[in-house]
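What follows is a set of notes on a single structure, which appears directly below.
Just so it is clear, the model here is predicted, and its values are computed rather than measured. Basis for what follows: all heavy atoms, side chains included, without hydrogens, waters or symmetry-related copies.
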Amino acid sequence: MTTMSRRTARPRQRASAAPTACPCGLGEPYEACCRRYHSGAEAAPTAEALMRSRYSAFVKGDAGYLLRTWHPRTRPERLELDPGMRWTGLEILGTADGSAFHTTGTVEFRASYRGGALHERSRFERVAGAWAYVDGEFPEELA
């Protein structure tokens with residue numbers, strides 16, 4: 001007589017979800033990229049890194065981070081983000097200065113959103129050693 005062994009069904013293990021790509025466009029998972037700046041664990045080391053992390057904060061709706069990284073001289077009292085805004089991509093068009101060896105820097109970028117794009121040349125300065133967004137100008141308006 002042949003007996004068949006009966007297997008008990010094991011609960012299926014869920015496959016772990018793939019890490020979410022960071023909105024900043026560098027291709028890293030958000031947790032290993034801009035999240036460390038958003039959480040305050042690290043400060044952005046360059047003006048471009050701060051620009052990318054601020055874009056990610058807009059995508060994530062993190063107004064607190066945006067205010068914390070805004071230069072005190074130009075920072076608004078509050079910031080209300082449009083919950084209906086859908087940012088779709090970031091393209092860095094150029095940078096000037098803004099490294100560990102500079103006190104100022106400029107980042108020109110195009111941030112796309114559903115229905116259009118924002119083209120800005122942002123200025124950054126160090127405040128107490130950390131990069132801060134000062135202001136921006138819109139190249140189309142300069143022509």
4.5 Å side-chain heavy-atom contact, Ser53 and Cys24: no
Are Tyr133 and Phe138 linked, directly or through other ILVMFWY residues, by side chains that come within less than 4.5 angstrom of each other? yes
Within-4.5 Å side-chain heavy-atom neighbours: His119 and Glu108: yes
Test log, rule side chain to side chain donor-acceptor pair (under 3.5 Å), inputs Arg54 and Thr69: CA-CA 8 Å; Arg54 285 177 57 83; Thr69 58; 2.8 Å; yes
Do the side-chain N and O atoms of Thr46 and Glu48 include a donor-acceptor pair separated by under 3.5 angstrom? no
Who are the salt bridge (charged side-chain N to carboxylate O under 4.0 Å, His left out) partners of Glu42, not counting sequence neighbours? Arg36
What about Leu50 and Leu79, same hydrophobic cluster or not, with Ile/Leu/Val/Met/Phe/Trp/Tyr joined at side-chain heavy-atom distances under 4.5 Å? yes
Just wondering, do Leu90 and Phe109 contact through their side chains at under 4.5 Å, heavy atoms? yes
Taking a hydrophobic cluster as the set of Ile, Leu, Val, Met, Phe, Trp and Tyr residues connected by side-chain heavy atoms closer than 4.5 Å, whether directly or through intermediates, do Trp131 and Leu67 fall within one such cluster? yes
Hydrophobic clusters here meaning ILVMFWY residues chained together by side-chain heavy-atom distances under 4.5 Å, can you tell me if Trp70 and Val107 are in one? yes
Quick check: do Leu66 and Leu81 have side-chain heavy atoms less than 4.5 Å from each other? yes
Pairs meeting criterion ring-ring contact (aromatic ring centres under 6.0 Å, His included) with involvement of residues 19-44, two or more places apart: Tyr30-His38, His38-Tyr65
Kindly state whether the ring of Tyr113 and the ring of Trp87 have centres lying under 6.0 angstrom apart. yes
Is a donor on one side and an acceptor on the other found under 3.5 Å between the side chain of Arg126 and the backbone of Thr103? no
Within-4.5 Å side-chain heavy-atom neighbours: Pro23 and Lys60: yes
Report yes or no: do Leu93 and Phe58 belong to one cluster of Ile/Leu/Val/Met/Phe/Trp/Tyr joined by side chain heavy-atom distances under 4.5 Å? no
Sequence neighbours excluded - salt bridge (charged side-chain N to carboxylate O under 4.0 Å, His left out) pairs with any residue from residues 63-78: Arg73-Glu125, Arg78-Glu80
Heavy atoms, side chains only, cut-off 4.5 Å: are Ile92 and Arg52 in contact? yes
What do the steps show when you test Leu118 against Arg110 for side-chain contact (heavy atoms from CB on, under 4.5 Å), and what is the final call? CA-CA 5 Å; Leu118 169 71; Arg110 182 173 293 111; over 6 Å; no
Is there a side-chain contact between Ser122 and Thr106 in this structure, where contact means two heavy atoms from C-beta onward sitting under 4.5 Å apart? no
Would you say Thr74's side chain and Val134's backbone share a donor-acceptor pair under 3.5 angstrom? yes
